[in-house]
Amino acid sequence: MAVALLEEWCKILSVDEQKSLVVTGIAADCGEPEIQTALQEALTCVRSFRLLGKIFQKQDNTSAVLLELPEDTDMSVVPSEVQGKGGVWKVIFKTPNQDTEFVQRLKLFLEKEGQTIAGMFRALKHEGVSPATTPCMSPELLAHLVGQAMLHAPRPLLPVRYSKLKVFSGSTETAPDEEPFEVWLEQATEIAKEWPLPEAEKKKWVMETLRGPALDLMHIVQADDPSISAEGCLEAFKQVFGSLESRRSSQVRYLKTYQQEGEKISAYVLRLETLLRRAVDKRAIPRNIADQVRLEQVMAGAELSNVLWCRLRELKDQCPLPTFLELMKVIREEEEEEAYFEHESREEPGERQGYGRWDNSRNN
């Protein structure tokens, strides 16, 4: 970063970074006298300056120079770029309050999220940063620390805000920025079940994503039971806005779903799993026998090769029965095997005969 270059260069030369600037993008064949002349013409707002050094930047085949300015220079009038040899030269400098302004903006943002800088780093398991130390950091270093902490965190600190979820209204006509109920419910359920947030925060998040009739229902549910959990609220939403498919119809739909012509078995199992989970959610199929029902339906509804049939039959006799992912792994392995042998069977006869003649010649 150019600002980091300015800071490091000033540190090495022991000059004030607040009264210095770096100019980058200078043509590599431009000499110091030519640079001096060009900058004197371009930086008319600066009474005088001293060129402290010049370096070559290999990454873009250009040069950069460091200038020291007079103590009374008003940095607010210094342009961010000037026209020079080879094109536009970038002028990099720091205003007196640039670092503190960055930290203040970060603080304001976190305050709106109900967080603090220190709290953010503690939650992200990144110790050693406090409100006392952050003003001493450059924006680049602070941004780097935030990025590293976020990268190594097991999950986002503020899942609700950062996930940028759309809203749900429950209205007959949905707005362009609105999620379908099933999509919204899936995301809301993940927050309610998995994120380590207090129940009050979870319910607050749910309410903030609601509009119209859906928001009215949330108020009604909480008025009836102020202590209701976020999951309890979502159960109420399922009853009001969820699919009207009955338990029996969801069960029948699952049991009458078969592999389609041209459909791979793995794709069929994936399609079947969505229906199975829906039937389990409606208590049409007991959760504790879901693995058994899945395996039986695959064996009944898919066109299986003899090899795969035998493998699934062996799995059915084992205990415990395979989960969805375990079953999918077995099926994918068999599909890859079948694809390999099918490819081998399509090998041109001439190629096989050629190998045969070569073998015969060795035997002779």
Side-chain angles (χ1 to χ4, degrees), residues 153-156 159 181-197 199 202 228-239 242-345:
R155 59 184 63 193
F181 175 69
E182 295 297 336
V183 176
W184 175 87
L185 180 64
E186 181 180 353
Q187 296 166 334
T189 301
E190 179 184 356
I191 296 292
K193 288 184 176 180
E194 298 184 12
W195 289 104
L197 300 173
E199 283 297 323
K202 292 178 182 179
I228 190 172
S229 65
E231 287 190 60
C233 293
L234 296 180
E235 284 297 324
F237 276 82
K238 288 181 186 179
Q239 295 178 28
S243 171
L244 298 178
E245 186 179 47
S246 67
R247 287 187 185 181
R248 179 59 183 167
S249 60
S250 66
Q251 184 186 63
V252 171
R253 184 180 179 189
Y254 173 78
L255 296 175
K256 289 191 175 183
T257 298
Y258 304 106
Q259 182 184 4
Q260 298 174 351
E261 184 177 355
E263 184 179 33
K264 295 178 67 174
I265 299 176
S266 56
Y268 165 62
V269 175
L270 183 59
R271 182 166 58 89
L272 194 66
E273 186 66 15
T274 302
L275 300 176
L276 175 59
R277 297 194 178 193
R278 188 174 299 170
V280 169
D281 287 343
K282 290 182 174 295
R283 298 182 178 86
I285 296 176
R287 190 178 298 275
N288 61 344
I289 65 168
D291 291 340
Q292 174 188 338
V293 172
R294 179 190 303 110
L295 182 56
E296 290 177 348
Q297 183 61 25
V298 171
M299 296 179 71
E303 295 185 9
L304 307 173
S305 65
N306 290 335
V307 175
L308 184 53
W309 168 266
C310 292
R311 288 199 66 181
L312 296 186
R313 184 68 196 181
E314 290 176 1
L315 292 174
K316 188 176 180 182
D317 295 336
Q318 294 177 2
C319 188
L321 293 171
T323 63
F324 165 68
L325 292 178
E326 291 168 344
L327 178 62
M328 183 66 82
K329 182 175 183 292
V330 171
I331 291 173
R332 288 294 305 278
E333 287 174 351
E334 287 301 322
E335 286 180 340
E336 290 180 8
E337 286 287 329
E338 290 179 10
Y340 173 76
F341 285 115
E342 184 179 352
H343 174 73
E344 288 292 306
S345 67

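What you see is a predicted model; the values in this text were computed from it and never measured.
Arg313 is linked by a side-chain hydrogen bond (donor to acceptor under 3.5 Å, both in side chains) to nothing, counting only residues two or more places apart in sequence or in another chain. Checked against ring-ring contact (aromatic ring centres under 6.0 Å, His included), Phe324 has no partners two or more places apart in sequence or in another chain. Shown here are the side-chain hydrogen bond (donor to acceptor under 3.5 Å, both in side chains) partners of Ser305, two or more places apart in sequence or in another chain: Glu338. In this view, Glu326 satisfies the salt bridge (Lys or Arg N to Asp or Glu O under 4.0 Å) rule with no residue, not counting sequence neighbours. Legend: residues meeting side-chain hydrogen bond (donor to acceptor under 3.5 Å, both in side chains) with Ser266, ordered by chain and number and at least two apart, are Glu335. Applying the salt bridge (Lys or Arg N to Asp or Glu O under 4.0 Å) rule to Glu333 yields the partners Arg311, Lys329; only residues at least two apart in sequence or on another chain are considered.
Of all the heavy atoms in Gln297 and Leu255, the pair that sits closest is NE2-O, 3.2 Å.
Applying the 6.0 Å contact sphere to CG of Asn306 captures no more than 12 heavy atoms from other residues, nucleotides or ligands. Atom CZ of Arg271 has more than 12 neighbouring heavy atoms from other residues, nucleotides or ligands inside a 6.0 Å radius. In the displayed structure, Glu263 atom CD is contacted under 6.0 Å by more than 12 heavy atoms of other residues, nucleotides or ligands.
Thr257 pairs with exactly one of Leu276, Leu272, Thr274 by the side-chain contact (heavy atoms from CB on, under 4.5 Å) rule, that one being Leu272.
Between Leu295 and Asp291 the shortest side-chain heavy-atom distance does not fall below 4.5 Å. Using a 4.5 Å heavy-atom cutoff, the side chains of Val252 and Ser249 are not in contact. Between Leu312 and Leu327 the shortest side-chain heavy-atom distance falls below 4.5 Å.
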Practice problem: Start with the C-alpha distance between Met328 and Arg332, add both sets of side-chain angles, then the distance that settles side-chain contact (heavy atoms from CB on, under 4.5 Å), and finish with yes or no. | Solution: CA-CA 6 Å; Met328 183 66 82; Arg332 288 294 305 278; 4.2 Å; yes
Quiz item: Should Glu296 and Gln292 be marked as a side-chain hydrogen bond (donor to acceptor under 3.5 Å, both in side chains) after you check the CA-CA gap, both sets of side-chain angles, and the distance that decides it?
Solution: CA-CA 6 Å; Glu296 290 177 348; Gln292 174 188 338; 3.2 Å; yes
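Glu231 contributes atom CD, which lies 7.5 Å from atom CD of Glu199 (distance to the nearest 0.5 angstrom). Distance CG/Leu234 to CD1/Ile228: 9.0 Å, rounded to 0.5 Å. With rounding to the nearest 0.5 angstrom, the NZ atom of Lys202 is 11.5 Å from the SG atom of Cys233. Taken to the nearest 0.5 Å, the CG atom of Leu321 stands 9.5 Å off from the CZ atom of Arg294. Put simply, CD on Glu235 and OG1 on Thr189 are 8.0 Å apart, with the number rounded to the nearest 0.5 Å. Taking CD of Glu303 as the reference point, atom OH of Tyr258 lies at 12.5 Å (rounded to 0.5 Å).
Formation of a donor-acceptor pair under 3.5 Å by the Gln259 side chain with backbone atoms of Tyr268 is not found in this model. Judged purely by atom type and a 3.5 angstrom limit, Gln251 uses its side chain to pair as donor or acceptor with the backbone of Ala284.
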